[in-house]
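Input: a single structure, listed below in structure tokens.
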Amino acid sequence: MEAAGGPAVAMDGYPSPVPAFLTKLWTLVGDPETNHLICWSPNGTSFHVRDQGRFAKEVLPKYFKHNNMASFVRQLNMYGFRKVVSIEQGGLVKPDRDDTEFQHLCFLRGHEHLLEHIKRKVGPLLPAQLQPLFPSQPQPQSQP
Amino acid sequence: MEAAGGPAVAMDGYPSPVPAFLTKLWTLVGDPETNHLICWSPNGTSFHVRDQGRFAKEVLPKYFKHNNMASFVRQLNMYGFRKVVSIEQGGLVKPDRDDTEFQHLCFLRGHEHLLEHIKRKVGPLLPAQLQPLFPSQPQPQSQP
Amino acid sequence: MEAAGGPAVAMDGYPSPVPAFLTKLWTLVGDPETNHLICWSPNGTSFHVRDQGRFAKEVLPKYFKHNNMASFVRQLNMYGFRKVVSIEQGGLVKPDRDDTEFQHLCFLRGHEHLLEHIKRKVGPLLPAQLQPLFPSQPQPQSQP
DNA sequence: TCCGTTCTAGAATATTCGCTT
DNA sequence: GAAGCGAATATTCTAGAACGG
């Protein structure tokens, strides 16, 4: 598809665009102005959202056309991000710390070019893709 | 403001079959507050938008998550509305009046119930229609 | 095709004409009289349109036979220009500062001769693709 | 034939709601 | 109960198509 290490370039000469959500997320996480609400994890392999309420109402509408945490999470899932469940959060001790962590293998601090490898999940699956349309019909190639 | 993308909810709590765009458009056209920018035609079979620039920047963001006339027109076309081209606008006489008219057979003043007959056009072509069901790549066992 | 760096010259010896839209656009962007509404980007690799409403009504009719931003954008796309999207836009608050940016790889300040490389897109459906070049039915009256 | 203007549609991402696991 | 997903509408950018010059 593309040369390793180089920017993806389409046939028309323009670079393959990274979806707006990913560039905004990258900016958002790294922005020192909002690091108290969203920031990289110490080792730069995931990011944290603190105080969902304030994050949703104060930060999200500056980058997106909504102010809902749920919509933000839906986008994260659409791009393959997964919530990181820590022992503390998953344990019996109720975490009163409003801290949510998300992760993606290609979302790493200092490696912005890896964003090009994060692909948005494509639309709905078709019934034709789930089962053969004509099961009784033999394949055209299969001829002894 | 109503949530974009979600189904409209009537006062009884049950989902209305009319998409949010249509109910908003209905309110928008009939609202006396904005009749100087968008209003019914005299006979109530179409509506006019005057001064696209002001309409887009002042009225649209109060109902939608954007302020672009083009996005508004795209939605109108998605729901089957057609632009009404008058002789005056198409003629040689330069119409400096910024006046755009749209029409739909089921968008009639005083007949809000007809909105239920306006259907949004379905999405793009299905992937199964874009690629052959039986690709032309030959099987390995094919021998000349 | 043509010598690198030199003007495009057809076989008949005349220079290949640049469509009117491109020369007008070049003049338009560089004209100091209208730099408050349309101007080069600082590095000269793209151009900005500010205040679409005023630009459409005041500037466009001085160069073209219309005053619609949509028609201007259609032409830009016909010639391969792409809109440049910034992450600043798309927010819910402070909708935007009405700034649209377009770019073409061969539309560079100080390199007017590159305009000759910008080609208008041609219709996708060619008549030759709709019917066989050599029909099986020979014409009776075919004469050399 | 090619270019210009207009109106509409395609295609991809974005936002929301409800369901599933 | 919550994380993830399907589906419908919404928003954006680009292209198709018709018509005329």
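Proteins come first, then strands; the chains are lettered A, B, ... in the order of their sequence lines, and each starts at number 1. All values below come from the heavy atoms of this structure, side chains included, with hydrogens, waters and symmetry mates left out. As the structure is a prediction and not an experimental result, all values here were calculated from the model.
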**Study point:** Distance test, side-chain N/O of C:Asn68 to OP1/OP2 of D:dT6, below 4.0 Å
**Key:** yes
**Study point:** Separation of atom CG in A:Leu25 from atom C1' in D:dT13, rounded to whole Å
**Key:** 15 Å
Exercise for review: Would you indicate what C:Ala70 reaches in the nucleic acid, counting non-hydrogen atoms under 4.0 angstrom: base, sugar-phosphate, or nothing?
Suggested key: nothing
Exercise for review: Could you pull out all residues at least two apart from A:Arg54 that satisfy salt bridge (charged side-chain N to carboxylate O under 4.0 Å, His left out)?
Suggested key: A:Glu58
Review point. Salt bridge (charged side-chain N to carboxylate O under 4.0 Å, His left out) with C:Lys57: which residues, sequence neighbours excluded?
Key: B:Asp98
Exercise for review: Measure the distance from CZ on B:Phe21 to C1' on D:dT15 and round it to the nearest whole Å.
Suggested key: 16 Å
**Study point:** Integer-rounded Å distance: D:dC3 C1' and C:Lys119 NZ
**Key:** 13 Å
Exercise for review: Quickly work out the C:Lys121 NZ to E:dG16 P distance and round it to whole Å.
Suggested key: 8 Å
Review point. B:Asn77 side chain N/O closer than 4.0 Å to the phosphate oxygens (OP1, OP2) of D:dC7?
Key: no
Review point. Looking only at side-chain N and O atoms, does B:Lys83 come under 4.0 Å of OP1 or OP2 in D:dT8?
Key: no
Review point. Which angle, to the nearest 10 degrees, lies between the helix axes at the two ends of the helix from D:dC2-E:dG21 to D:dT21-E:dA2, each defined by five pairs?
Key: 30°
Check your understanding: Any idea which of E:dT14, D:dC3, E:dA10 is nearest the C:Pro19 side chain?
Key -> D:dC3
**Study point:** Polar side-chain atom of B:His104 near backbone of B:Tyr79 as donor-acceptor pair, under 3.5 Å
**Key:** yes
Review point. Would you say D:dA14 has OP1 or OP2 under 4.0 Å from some side-chain N or O of A:Tyr79?
Key: yes
Exercise for review: Establish, with yes or no, whether the OP1 or OP2 oxygen of E:dT11 is under 4.0 angstrom from a side-chain nitrogen or oxygen of B:Lys65.
Suggested key: no
Practice item. Kindly say if B:Arg74 contacts the phosphate of E:dT9, meaning a side-chain N or O under 4.0 Å from OP1 or OP2. Key: no
Compile the donor-acceptor pairs under 3.5 Å between side chains in residues 36-45 of chain A and protein atoms, sequence neighbours left out, one pair per line.
unit_1	atom_1	unit_2	atom_2	d
A:Ser41	OG	A:Asn43	OD1	2.9
A:Ser41	OG	A:Gly44	N	3.4
A:Ser41	OG	A:Thr45	N	3.4
A:Ser41	OG	A:Ser46	N	3.2
A:Ser41	OG	A:Ser46	O	3.2
A:Ser41	OG	A:Ser46	OG	3.2
A:Asn43	OD1	A:Thr45	N	3.3
A:Asn43	OD1	A:Thr45	OG1	2.9
A:Asn43	ND2	A:Thr45	OG1	3.4

Exercise for review: Determine: side-chain N/O of A:His66 to OP1/OP2 of D:dA14, distance under 4.0 Å, yes or no.
Suggested key: no
Practice item. Provide, to the nearest angstrom, the distance between the CD1 atom belonging to A:Ile118 and the P atom belonging to D:dA12. Key: 20 Å
Point to revise | d(NE2, A:His104; P, E:dG4) in whole Å | key: 12 Å
Revision key, fill the gap. Sequence neighbours excluded, the answer for side chain to side chain donor-acceptor pair (under 3.5 Å) partners of A:Gln75 is A:Arg120
Exercise for review: With the side chain of B:Arg120 defined as its heavy atoms from C-beta on, choose the nearest nucleotide among E:dG4, E:dT11, D:dC3.
Suggested key: E:dT11
Review point. Is A:Asn68 reaching over with its side chain to a backbone N or O of A:Ala70, donor-acceptor style, under 3.5 angstrom?
Key: no
Review point. Given atom CG of B:Leu60 and atom C1' of E:dT12, what is their separation to the nearest angstrom?
Key: 14 Å
Review point. What does C:Val85 touch in the nucleic acid at a heavy-atom separation under 4.0 angstrom: a base, only the sugar-phosphate, or nothing?
Key: sugar-phosphate
Exercise for review: Could you state the atom-to-atom distance from CE of A:Met69 to P of E:dG4 in whole Å?
Suggested key: 11 Å
Review point. Parallel under 30°, tilted from 30 to 60°, perpendicular over 60°: which one fits the rings of C:Phe81 and C:Phe107?
Key: perpendicular
Review point. Given E:dT14, D:dT6, E:dC5, which nucleotide is nearest the side-chain atoms of C:Phe102?
Key: E:dT14
Review point. Residues two or more places apart in sequence or in another chain: which of them pass salt bridge (charged side-chain N to carboxylate O under 4.0 Å, His left out) with C:Arg50?
Key: C:Asp99
